[in-house]
Amino acid sequence: QVQLVESGGGLVQPGTSLRLSCAASGFIFRNYAMSWYRQVPGKDRELVATINSDGGRTTYEDFGKGRFTISRDNAKNTVDLQMNSLKPEDTAVYYCYADLGFARWYWGRGTQVTVSN
């Protein structure tokens, strides 16, 4: 069974960094693109970044360009999100996401990131 388990969230001050990690299991990880999303209460979940199956191509939403870096380790079945220069508006629950095709979409349970003084 497919599982995505996020870790690494926490409370940090503005301007600092945080690294999120997602451990995947139950599917052939190296065959699929992976994404990070985030959600603030009362708002829709929004895409943060995507990485293709071999890690050679990444895309970012505008708010993360230059600050966030998505990466993956296909030997360890993990996908990470390095977040630098964090802002209060980055406060959200961050989710790992896998689309395995044929209407098979999977989410992790999320990890809370709070950026505040």
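All values derive from a computational prediction rather than experimental measurement.
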Which heavy atom in Ser17 sits nearest to a heavy atom in Asn84, and how many Å separate them?
OG-OD1, 2.9 Å
Tyr60 (side chain) donor-acceptor with Ile70 (main chain) under 3.5 angstrom
yes
Would you say the side-chain atoms of Asp73 and Thr78 include a donor-acceptor pair closer than 3.5 Å?
no
What do the steps show when you test Val93 against Thr111 for side-chain contact (heavy atoms from CB on, under 4.5 Å), and what is the final call?
CA-CA 5 Å; Val93 178; Thr111 185; 5.9 Å; no
Going by heavy atoms in the side chains, are Met34 and Cys96 under 4.5 Å from each other?
yes
Would you check if there is a donor-acceptor pair between the side chains of Asp80 and Gln82 at a distance under 3.5 Å?
no
The criterion is side-chain contact (heavy atoms from CB on, under 4.5 Å); which residues satisfy it with Tyr32, sequence neighbours excluded?
Phe27, Leu100, Arg104
What do the steps show when you test Ser35 against Leu47 for side-chain contact (heavy atoms from CB on, under 4.5 Å), and what is the final call?
CA-CA 8 Å; Ser35 298; Leu47 178 64; 3.9 Å; yes
So do Leu86 and Leu18 actually touch side chain to side chain, heavy atoms under 4.5 Å?
yes
Quick check: does any side chain N or O of Thr114 sit under 3.5 Å from a backbone N or O of Leu11, one acting as donor and the other as acceptor?
no
Examine distances only and state if a side-chain atom of Thr91 and a backbone atom of Val115 form a donor-acceptor pair shorter than 3.5 Å.
yes
How close do Val113 and Gly9 get, heavy atom to heavy atom, and via which atoms?
CG2-CA, 4.2 Å
If you measure from the Lys or Arg side-chain nitrogens to the Asp or Glu carboxylate oxygens, is any gap between Asp54 and Arg72 under 4.0 Å?
no
Looking at Tyr95, is Arg45 sitting on its ring face, NZ or CZ under 6.0 Å from the six-membered ring centre and within 45 degrees of the normal?
yes
For the pair Trp36 and Phe68, evaluate side-chain contact (heavy atoms from CB on, under 4.5 Å) and give the outcome as yes or no after the intermediate values.
CA-CA 11 Å; Trp36 283 94; Phe68 294 178; over 6 Å; no
For Ala24 and Leu4, work out which heavy atoms get closest and say how close.
CB-CD2, 3.6 Å
Please evaluate residues Lys65 and Asp62 with respect to the criterion salt bridge (charged side-chain N to carboxylate O under 4.0 Å, His left out), reporting the C-alpha separation (whole Å), side-chain torsions for both, the decisive distance (0.1 Å), and the verdict.
CA-CA 5 Å; Lys65 289 179 180 177; Asp62 285 346; 3.1 Å; yes
Check the orientation of Tyr97 and Trp107. Use parallel for under 30°, tilted for 30 to 60°, and perpendicular for over 60°.
tilted
Any side-chain to backbone donor/acceptor pair from Glu6 onto Arg109? Under 3.5 Å, distance only.
yes
Using a 4.5 Å cut-off on heavy atoms from C-beta on, say whether the side chain of Asn31 contacts that of Ser53.
no
Following the transitive rule for hydrophobic clusters with a side-chain heavy-atom cut-off under 4.5 Å over Ile, Leu, Val, Met, Phe, Trp and Tyr, establish whether Val5 and Ile51 coincide in one cluster.
no
Has Ile28 got more than 12 heavy atoms of other residues, nucleotides or ligands less than 6.0 Å from its CD1?
no
Which is it for Arg38 and Glu46 under the side-chain contact (heavy atoms from CB on, under 4.5 Å) test, yes or no, and what are the steps along the way?
CA-CA 5 Å; Arg38 69 185 188 183; Glu46 64 177 350; 2.7 Å; yes
Output yes when a side-chain donor or acceptor of Arg30 lies under 3.5 Å from a complementary backbone atom of Asn74, and no otherwise.
no
